[in-house]
Each structure stands twice: as structure tokens, then as C-alpha cells.
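Since the structure comes first, as C-alpha cells, the remarks are kept for the end.
Position 1 is the first residue of the sequence; numbering continues from there.
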Amino acid sequence: QVQLVESGGGLVQAGGSLRLSCAASGRTFSTYFGGWLRQAPGKEREFVAAISWSGSLTRYADSVKGRFTISIDNAKNTVYLQMNSLKPEDTAVYYCAAARRTALPSKGADFGSWGQGTQVTVSS
């Protein structure tokens with residue numbers, strides 16, 4: 001199992017930016033895909049983005065395409081989520097996740113390891 005710790009959440013005005021970080025430890029992270037999901041109050045957890053260990057493959061939810069960028073630093077075993085042009089509807093708890101599979105994840109059920117979450121609040 002891999003352990004994940006998120007950081008970087010906070011309060012930002014609409015149109016602003018935040019960068020989330022996810023540090024992985026434990027099992028060799030190179031066998032996993034990394035990803036981010038989020039859960040807003042009263043809503044189900046939703047997929048945001050995923051990335052392969054090499055960084056060559058990425059996938060985004062339609063709601064964040066063109067605004068969010070997922071990246072990975074292999075040397076640091078860290079996955080990042082750069083969030084630009086933030087909107088109030090991006091407000092949620094953001095979770096880092098890892099998936100040990102053969103295909104790029106596209107939904108929450110694809111992931112087997114989760115971080116504790118970090119709150120992102122976007123004010124209008």
C-alpha cells in the first residue's frame with residue numbers, strides 16, 4: 001500500500017490559482033498511477049485528473065480541462081495539481097489518490113489508495 005499526504009489547499013478568490021501537492025511514500029510509487037478527485041458538500045466524489053508515473057499520459061474531467069494541470073516529480077514521489085482560473089464551483093475537499101492498474105484511471109473506483117484530503121474554497 002502507498003501512503004499519500006496532500007498539502008496546498010486554502011481560500012482563494014474566483015479567478016485565482018492554487019497548487020496542490022501530494023507526497024507518496026511506502027510501496028514503490030512507480031507502479032502506480034496518480035490522481036486527484038474532489039468532493040463538494042452534499043455531492044458525490046468526482047474524478048478531476050490522473051497521470052501516469054512517467055508523466056506521459058494524463059486525463060482530465062471536462063469541468064477542469066484548460067484550467068487545471070496535473071504533473072509528477074518522480075524524484076520526489078510527488079504529484080501536483082496546478083489550478084488556475086478557479087471558480088466557486090471548484091470549492092471542495094480535494095483528495096490525492098493512487099491506482100495500481102494497467103490503464104489510466106478515469107473514476108474514483110479505479111483508485112485503491114487515498115490521502116486525507118485538503119480543503120479548497122473559492123470565494124465569488
Nearest heavy-atom neighbours spanning [X] and [Y]:
| X | Y | value |
| --- | --- | --- |
| V2 | A98 | CG1-CB, 3.7 Å |
| A92 | A40 | CB-N, 3.8 Å |
| Y94 | V48 | CE2-CG2, 4.4 Å |
| P105 | R59 | O-NH1, 3.3 Å |
| L4 | A24 | CD2-CB, 3.7 Å |
| P88 | A14 | CD-CB, 4.1 Å |

Without swapping roles, check the side chain of [X] against the backbone of [Y] for a donor-acceptor pair under 3.5 Å.
| X | Y | result |
| --- | --- | --- |
| S52 | L57 | yes |
| S56 | S54 | no |
| T58 | I51 | no |
| E6 | Q116 | yes |
| R45 | G108 | no |

Same apolar cluster: V122 and L18, side chain cutoff 4.5 Å: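 Yes; L18 is reachable from V122 via cluster members.
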Would a hydrophobic clustering, with Ile, Leu, Val, Met, Phe, Trp and Tyr connected at side-chain separations under 4.5 Å, put V120 with I70?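 Both belong to a single hydrophobic cluster.
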Do the non-hydrogen side-chain atoms of [X] and [Y] ever get within less than 4.5 Å of each other?
| X | Y | answer |
| --- | --- | --- |
| L81 | V79 | no |
| R38 | D90 | yes |
| S71 | Q82 | no |
| L20 | M83 | yes |
| W36 | C96 | yes |
| Q119 | T91 | yes |

Run through the side-chain heavy atoms of Ile, Leu, Val, Met, Phe, Trp and Tyr, join any pair under 4.5 Å, and report what else lands in Y95's cluster.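 ILVMFWY cluster around Y95 also holds L37, F47, V93, F111, W114.
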Decide whether a cation-pi geometry holds between R101 and F33; the criteria are a distance under 6.0 Å from NZ or CZ to the six-membered ring centre and an angle within 45° of the ring axis.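 Not flagged: R101 not positioned over aromatic ring of F33.
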How many angstroms lie between atom [atom1] of [X] and atom [atom2] of [Y], to the nearest 0.5 angstrom?
| X | Y | atom1 | atom2 | result |
| --- | --- | --- | --- | --- |
| I72 | W53 | CD1 | CH2 | 5.0 Å |
| K76 | C22 | NZ | SG | 14.0 Å |
| L86 | T121 | CG | OG1 | 10.5 Å |
| Q13 | S123 | CD | OG | 5.0 Å |
| N77 | S25 | CG | OG | 8.5 Å |

Considering residues at least two apart in sequence or located in another chain, which fulfil the salt bridge (Lys or Arg N to Asp or Glu O under 4.0 Å) criterion with E89?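 With sequence neighbours excluded, E89 shows a salt bridge (Lys or Arg N to Asp or Glu O under 4.0 Å) to no residue whatsoever.
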Using salt bridge (Lys or Arg N to Asp or Glu O under 4.0 Å) as the criterion, list what pairs up with K87, not counting sequence neighbours.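 In terms of salt bridge (Lys or Arg N to Asp or Glu O under 4.0 Å), with neighbours along the sequence ignored, K87 is linked to no residue.
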